[in-house]
Amino acid sequence: MKIFKFGGASVKDAESVKNVANIIKQEGAKNTLVVISAMGKMTNAFEDVINSYYNKEQDLPQKLNFIEEYHKDIMNSLFEKEDKIHQDIDILFGELGWFLARNTSQRFNYVYDQIICFGELLSTKIVSAYLEKLGQENVWFDVRNYIKTDSNYRDAKVDWQLTEDIITAKVDANKINITQGFIAANDTENTTTLGREGSDYTAGIFAYCLNAESVTIWKDVKGVLNADPRVFDDTTLLQQISYEEAIEMAFYGASVIHPKTIQPLQKKEIPLLVRSFINPKETGTKIARGSTLEPYIPCFIVKKNQILISISALDFSFMVENNMSYIFQKLHDYQLKVNMMQNSAISFSVCIDNKFNKFDAFYNELQNQFKIDVQQGVDLYTIRHFDDKANAIIEQKGTSLLTQINKETSQIVVKPF
Ligand code: ASP
Ligand code: MG
């Protein structure tokens with residue numbers, strides 16, 4: 001069985017949906033399971049809805065309307081007025097409205113997952129119905145009945161045993177299956193999610209459970225490049241990457257592949273192909289067992305908009321184990337993800353992501369006990385297989401605040417000019 005994953009950019013408008021349907025027909029007309037994300041930037045649009053709803057803002061109806069119009073525009077180009085898909089989509093919007101009206105929970109992460117999932121439910125319904133319209137039989141299913149997780153909303157952990165049992169029992173490997181990425185459910189049937197950009201991981205979960213022959217992630221780029229073309233002028237396509245190298249790259253924040261995706265594939269040596277949905281004839285990148293990197297060149301990974309903090313004791317005593325363990329506990333409590341750290345005798349520096357907006361609370365709690373220097377809005381560059389020339393490219397991007405060099409990896413925190 002083959003697993004395909006199509007991200008938001010591949011289904012951002014009617015033309016794109018047609019293209020995806022063509023690829024599925026040509027490359028995966030049977031024995032295929034297709035994982036699809038929300039259309040275009042709809043997950044962001046749903047996040048806007050969630051924020052308005054949660055904060056009881058006036059503009060909620062406009063934000064909902066934007067999402068509804070976006071999908072209906074696409075549907076009007078793909079379907080006839082009398083096609084049943086219109087009712088299916090109305091039902092989904094009805095369910096969303098019902099949740100918004102009836103929910104009383106104040107737990108943000110829970111509310112987030114119950115709302116954000118509609119992006120994927122809508123997109124997969126539309127693609128499935130369009131394939132049907134082209135005469136391509138397929139099975140649509142709600143992934144929440146297949147992938148089971150704990151209740152850690154927005155970053156749920158998969159229950160592998162249960163998930164594998166359900167998937168092997170329920171998926172019909174001879175068909176074209178269409179389902180949602182990113183979303184799942186806990187044991188009380190509430191929706192959970194696997195973390196932003198989690199659809200790749202969904203594809204990995206299915207591949208693992210079904211012992212798939214390969215996973216193909218269809219993207220708007222040629223494959224995995226050695227740097228993000230939005231940040232770097234010169235980029236090169238990587239033809240082959242080992243699992244280990246891909247895990248390293250994902251760990252440092254390479255956004256091409258969701259960090260958790262590789263491990264399940266590596267365990268079963270299932271190759272991961274990254275191919276272009278714009279040029280489906282090209283081979284793209286293969287992540288598999290074997291040589292580290294082909295071609296062997298420096299790879300650049302950037303994490304923008306980080307916070308660099310430098311923590312020292314108020315009395316300038318050494319930063320020792322008990323301070324550190326306290327600080328780490330607080331970083332963990334406030335969900336601040338550490339992307340780089342460096343220790344000296346009297347100060348401890350960390351570069352962090354403020355994804356859950358809890359930095360201020362963290363800062364307030366620590367400032368009584370420590371002196372904390374804060375640099376907001378810095379960028380963290382990581383170079384795998386660096387050389388002097390590669391480091392110099394980063395040093396041109398701004399003022400270097402902190403550098404760390406290991407055997408294969410250099411990291412530089414830069415305040416952009
Ligand atoms: N739609 C979700 C997101 O944008 C999941 C994904 O695209 O992988 O985060
Ligand atoms: Mg998406």
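Each ligand, and each atom within it, is numbered from 1 in the order the structure gives.
A salt bridge is absent between D113 and R144; no separation between the charged side-chain nitrogens and carboxylate oxygens falls under 4.0 Å.
The closest approach between any non-hydrogen atom of G8 and ligand 1 is not below 4.0 Å.
Proximity of the aromatic rings of F141 and Y146 is defined here by a centroid distance below 6.0 angstrom, and this criterion is met. When ring centroids are compared, Y112 and Y153 stay outside the 6.0 Å threshold. The aromatic ring centres of F348 and F328 sit less than 6.0 Å apart.
Taking every heavy atom of F182 and a limit of under 4.0 angstrom, the matching atoms of ligand 1 come to 2 (C), 5 (C). Under a 4.0 Å criterion applied to the non-hydrogen atoms of R196, ligand 1 contributes the atoms 3 (C), 4 (O), 9 (O).
In this structure a side-chain-to-backbone donor-acceptor pair under 3.5 Å is present from R275 to P280.
The shortest N/O to N/O separation between D200 and ligand 1 does not fall below 3.5 Å.
Residue contacts with ligand 1 for S199 involve both N, CA, C or O and side-chain atoms from C-beta outward (heavy atoms, distance under 4.0 Å). When non-hydrogen atoms are compared, ligand 1 lies under 4.0 Å from the side chain of E120 (C-beta onward) but not from its backbone.
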